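Each remark here refers to the structure printed beneath this line.
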Amino acid sequence: MSKLSPLMEQYYREKKQYPDALLLFRVGDFYETFAEDAVVVARDLNIVLTSRQKDDEGNKIPLAGIPYHLAGIPYHALDAYLARLIRAGHKVAICDQVEDPKLAHGLVKREITRVVTPGTIIEPAMLDEASNNFLAALVREEGMEGTEKTGRLGLALVDVSTGEFLTTEIDERSLGAELAKFRPAECIASFAPACECSRLQILDQAVFSRESASDALQSRYGEGWMDRLNLGDRPLSLRACGAILSYLHSTHFDALGHLRDVRHYSGSQFMVLDDVTLRNLEIIRNIRDRSRRGTLLEFLSRTRTAMGSRTLSRWIQMPLLSLDAIERRLSAVEELVNDPLLRESLAEELKGSADLERLMSRVSCGSASPKEMVVLRLSLARLPALQAILEKAGSTYLSDLRLRLSPCPEVVALLERSIADDPPSHLREGGVVKEGYHEEIDQLRSLLRDGRGWISALESKERDRSGIRSLKIAYNNVFGYYLEVSRANLHLVPPDYIRKQTLANAERFITPELKEMETRVLSAQERSVSLEQEIFASVRSTVAGYSLPIQERAAAMAELDVLAAGSNGRAGCAGSPGGSCLRERPGPAGVQPGGQNLPAGSTASRSG
DNA sequence: CTACACTTCGGGAGAC
DNA sequence: GTCTCCCGGAGTGTAG
């Protein structure tokens with residue numbers, strides 16, 4: 001019988017942990033896929049499907065009777081391909097090399113480090129900045145497993161890309177309206193819901209048990225979680241929240257420092273806009289192509305930040321019912337309408353501000369790049385200016401926002417001191433840590449400067465010695481440092497040069513002293529880069545400790561953005577000078593709080 | 001036993 | 001400027 005190679009044994013060991021996912025298996029510089037996965041990946045990514053062995057005519061054949069196709073992508077291109085696989089509807093498990101190959105005995109150790117699903121992504125390239133990306137969990141009250149759809153449900157929603165975590169308990173017949181509102185990218189459930197539900201997975205009942213949920217909540221929120229999160233008398237919410245945390249854990253998404261406390265909401269706080277209403281009034285998506293073109297959202301979309309556009313879309317879909325809350329918003333908007341200077345300076349300050357919520361999620365998960373850390377600093381550095389602008393605001397909402405926008409001077413100062421102002425986007429070549437932040441880095445860099453200075457001094461010394469005016473010393477990855485002499489001057493080359501490479505118009509040489517200096521320069525370089533990676537990771541994790549306060553400020557910026565955008569739209573309205581029109585109808589008429597205007601039978605069509 | 005060829009895709013180096 | 005080639009890197013397989 002055929003026997004698998006050690007690598008393939010390792011591959012199948014990992015593969016069987018997530019049989020429903022494509023496994024991207026890191027081998028050297030590539031993420032490989034094998035066998036059936038390779039066939040799928042080659043088709044969906046339009047990359048070459050190859051094989052280890054070829055027959056006499058050069059055709060690819062299976063190895064030892066086992067289909068041994070392979071298709072792979074270089075590791076640095078992972079994000080782009082991952083986005084395409086997720087968009088094509090796949091679940092993708094990433095298996096990485098978890099030990100240094102230089103120190104490994106035999107096969108390098110490999111482990112699955114993340115399972116990427118539509119509801120657990122934090123890569124900006126894979127997300128729409130103007131909408132949330134929710135993962136939903138649904139659990140149904142016991143004893144309701146029959147066919148009637150009258151049970152109570154626990155619904156939990158988490159957006160790991162922003163850290164938002166919401167829950168509610170609802171009647172099963174209003175599920176369609178809830179899902180239409182949040183449009184989760186992925187759902188897990190303890191039962192098969194009667195309405196349309198994207199990327200639905202029905203998981204084992206144990207995941208939704210009270211015990212399992214309690215454990216999951218305790219491990220994220222610590223002792224006292226039940227009171228702090230107010231879940232004591234909401235058993236369905238508790239189970240849904242716990243299930244969602246367990247599911248995140250099963251995808252190795254454990255870096256949840258940025259996940260905020262669970263927020264309860266209830267249908268009675270907001271006007272119910274069911275899926276039919278949302279669709280027919282073209283509030284978020286139009287009827288024709290389901291894009292934003294021509295919708296209310298697009299009409300109102302004057303926000304300056306991504307956070308603001310997400311908040312705006314939430315506000316539109318969940319209109320307030322409380323008169324006090326509506327008044328509060330309107331007073332703020334009115335003040336902004338009447339004070340163009342205030343409005344304009346806020347808009348100006350918000351413009352170009354980064355998506356702090358999503359940045360912080362990436363910081364917290366350890367995936368933020370050096371450039372992203374700089375963007376974070378620049379955005380946080382705007383807080384004092386925003387506060388100063390709001391200094392003269394009189395409405396309670398704007399004054400509250402001013403307080404909520406208090407700066408984070410420690411974080412800004414740390415980033416300012418430690419990260420270069422214009423760092424490279426990745427950590428591979430160093431240049432990330434700022435001069436003066438770390439003594440050893442500074443020493444290594446001065447060593448490197450001396451070494452390079454020595455090499456350029458050698459260049460002029462060798463020019464003088466040989467009389468070759470055009471002689472130059474250069475570097476490439478294949479030969480390291482070398483002396484290059486053009487063809488015309490080859491007769492002048494000193495006898496101690498060692499020839500390494502011949503080009504069309506030149507030859508390349510080395511000398512022992514050049515190679516000796518090269519070794520010193522390269523080892524300093526290597527040490528420097530690995531030290532920079534350590535320092536960067538430690539700065540990032542320090543900043544991650546500020547996730548919650550920074551996300552609180554991000555939320556305040558988002559609200560401010562929506563208010564400023566709303567007032568801008570109003571001021572631009574022909575025939576409505578001032579804000580007088582704002583208060584004609586403070587509360588939407590004819591709304592029944594918590595009313596269920598969606599008959600059970602009218603839930604969205606479903607197939608199968 | 002060692003040496004070497006070979007395997008995806010992207011990017012850099014070299015040729016023109 | 002564009003076009004072409006070959007390396008990255010861990011692992012496998014084969015030739016000597």
Side-chain angles (χ1 to χ4, degrees), chain A residues 2-15 22-85 92 94-113 125 424-429 470 472-488 499-509 522 525-526 529-530:
Chain A
S2 57
K3 199 176 171 316
L4 291 172
S5 70
L7 182 81
M8 291 311 287
E9 271 182 37
Q10 192 185 41
Y11 171 81
Y12 281 111
R13 262 203 309 279
E14 299 298 325
K15 174 72 185 170
L22 294 171
L23 183 56
L24 297 188
F25 199 70
R26 178 82 180 250
V27 182
D29 269 6
F30 284 80
Y31 281 102
E32 310 279 13
T33 54
F34 296 111
E36 301 91 336
D37 280 5
V39 178
V40 174
V41 165
R43 185 194 61 210
D44 288 0
L45 295 181
N46 195 24
I47 60 174
V48 171
L49 180 65
T50 184
S51 167
R52 279 270 189 245
Q53 281 196 330
K54 293 175 182 168
D55 66 17
D56 297 342
E57 282 118 52
N59 298 313
K60 287 146 193 172
I61 57 165
L63 178 73
I66 299 159
Y68 198 100
H69 297 295
L70 88 129
I73 51 161
Y75 75 100
H76 53 81
L78 177 65
D79 274 8
Y81 284 110
L82 195 53
R84 289 166 63 187
L85 287 173
V92 182
I94 313 276
C95 184
D96 274 306
Q97 295 178 176
V98 293
E99 74 180 324
D100 185 343
K102 289 188 195 80
L103 308 175
H105 303 287
L107 209 59
V108 174
K109 210 187 277 170
R110 292 181 171 82
E111 275 169 19
I112 290 175
T113 52
S425 40
H426 50 73
L427 279 161
R428 268 166 266 156
E429 284 140 33
S470 63
K472 63 181 179 200
I473 296 182
Y475 179 87
N476 71 23
N477 284 324
V478 184
F479 299 101
Y481 286 99
Y482 55 82
L483 298 133
E484 189 171 293
V485 178
S486 64
R487 181 174 290 275
R499 198 166 58 81
K500 268 291 175 196
Q501 189 192 17
T502 305
L503 274 62
N505 288 310
E507 294 208 353
R508 289 171 175 177
F509 304 87
L522 292 185
Q525 171 89 25
E526 197 180 322
V529 167
S530 76

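Just so you know, these numbers come straight off a predicted model, no measurement behind them. In the text below, chain A, chain B and the rest are named by the order of the sequence lines, each starting its count at 1.
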What string of B, S and - do you get for nucleotides 2-7 of chain C, 5' to 3', if B is base contact, S is sugar-phosphate-only contact and - is no contact with any protein heavy atom under 4.0 Å? ------

In 5'-to-3' order, the base (B), backbone-only (S) or no-contact (-) status of each nucleotide in nucleotides 9-16 of chain B, using a 4.0 angstrom heavy-atom cut-off, is BSS--SS-

Within this structure, what is the [atom1]-to-[atom2] distance between [X] and [N], rounded to whole angstrom?
X        : N      : atom1 : atom2 : answer
A:Leu70  : C:dA10 : CG    : P     : 17 Å
A:Glu99  : C:dG11 : CD    : P     : 9 Å
A:Lys102 : C:dG9  : NZ    : P     : 8 Å
A:Arg428 : C:dG8  : CZ    : C1'   : 11 Å
A:Leu24  : B:dT8  : CG    : P     : 18 Å
A:Glu32  : B:dC6  : CD    : P     : 17 Å

Donor-acceptor check, side chain of A:Glu99 to backbone of A:Ala104, threshold 3.5 angstrom: yes or no? no

Which residue, A:Ser5, A:Pro6, A:Pro101, forms the side-chain contact (heavy atoms from CB on, under 4.5 Å) with A:Leu107? A:Pro6

A:Asp29 has its side chain closest, among C:dG8, C:dG13, C:dA10, to C:dG8

Which value, rounded to the nearest 0.5 Å, describes the distance between A:Ile73 atom CD1 and A:Leu82 atom CG? 7.5 Å

How many angstroms lie between CD in A:Glu484 and CD in A:Glu507, if you round to the nearest 0.5 Å? 10.0 Å

Using a 4.0 Å heavy-atom cut-off across all strands, classify [X] as base, sugar-phosphate, or nothing.
X        : value
A:Gln97  : sugar-phosphate
A:Val27  : base
A:Arg110 : sugar-phosphate

Could you give the side-chain donor-acceptor pairs of residues 22-35 of chain A under 3.5 Å, partners two or more places apart or in another chain?
residue: A:Arg26; atom: NE; partner: A:Gly28; partner atom: O; Å: 2.7
residue: A:Tyr31; atom: OH; partner: A:Asp96; partner atom: OD1; Å: 2.6
residue: A:Thr33; atom: OG1; partner: A:Ala71; partner atom: O; Å: 2.8

Residue list, side chain to side chain contact (heavy atoms under 4.5 Å, CB included) with A:Arg13, at least two apart or on another chain: A:Glu9, A:Gln10

Using the test ring-ring contact (aromatic ring centres under 6.0 Å, His included), find all partners of A:Tyr75 that sit at least two apart in sequence or belong to another chain. none

Take A:Leu522 and A:Tyr475, measure what side-chain contact (heavy atoms from CB on, under 4.5 Å) needs, and give me the verdict at the end. CA-CA 11 Å; A:Leu522 292 185; A:Tyr475 179 87; 3.7 Å; yes

Ignoring backbone atoms, test whether A:Thr50 places a side-chain nitrogen or oxygen under 4.0 Å from the OP1 or OP2 oxygen of B:dT7. no

Are the side chains of A:His76 and A:Arg428 in touch, meaning some heavy atoms are under 4.5 Å apart? yes

Where do A:Arg84 and A:Leu45 come nearest, in terms of heavy atoms and distance? NH2-O, 3.0 Å

Is there a side-chain contact (heavy atoms from CB on, under 4.5 Å) between A:Asn476 and A:Tyr482? Walk through the geometry before answering. CA-CA 8 Å; A:Asn476 71 23; A:Tyr482 55 82; 3.7 Å; yes

Treat a base pair as Watson-Crick or G-U wobble with both distances under 3.5 Å, then lay out DNA chain C in dot-bracket form, 5' to 3', with | for cross-strand pairs. ||||||||.|||||||

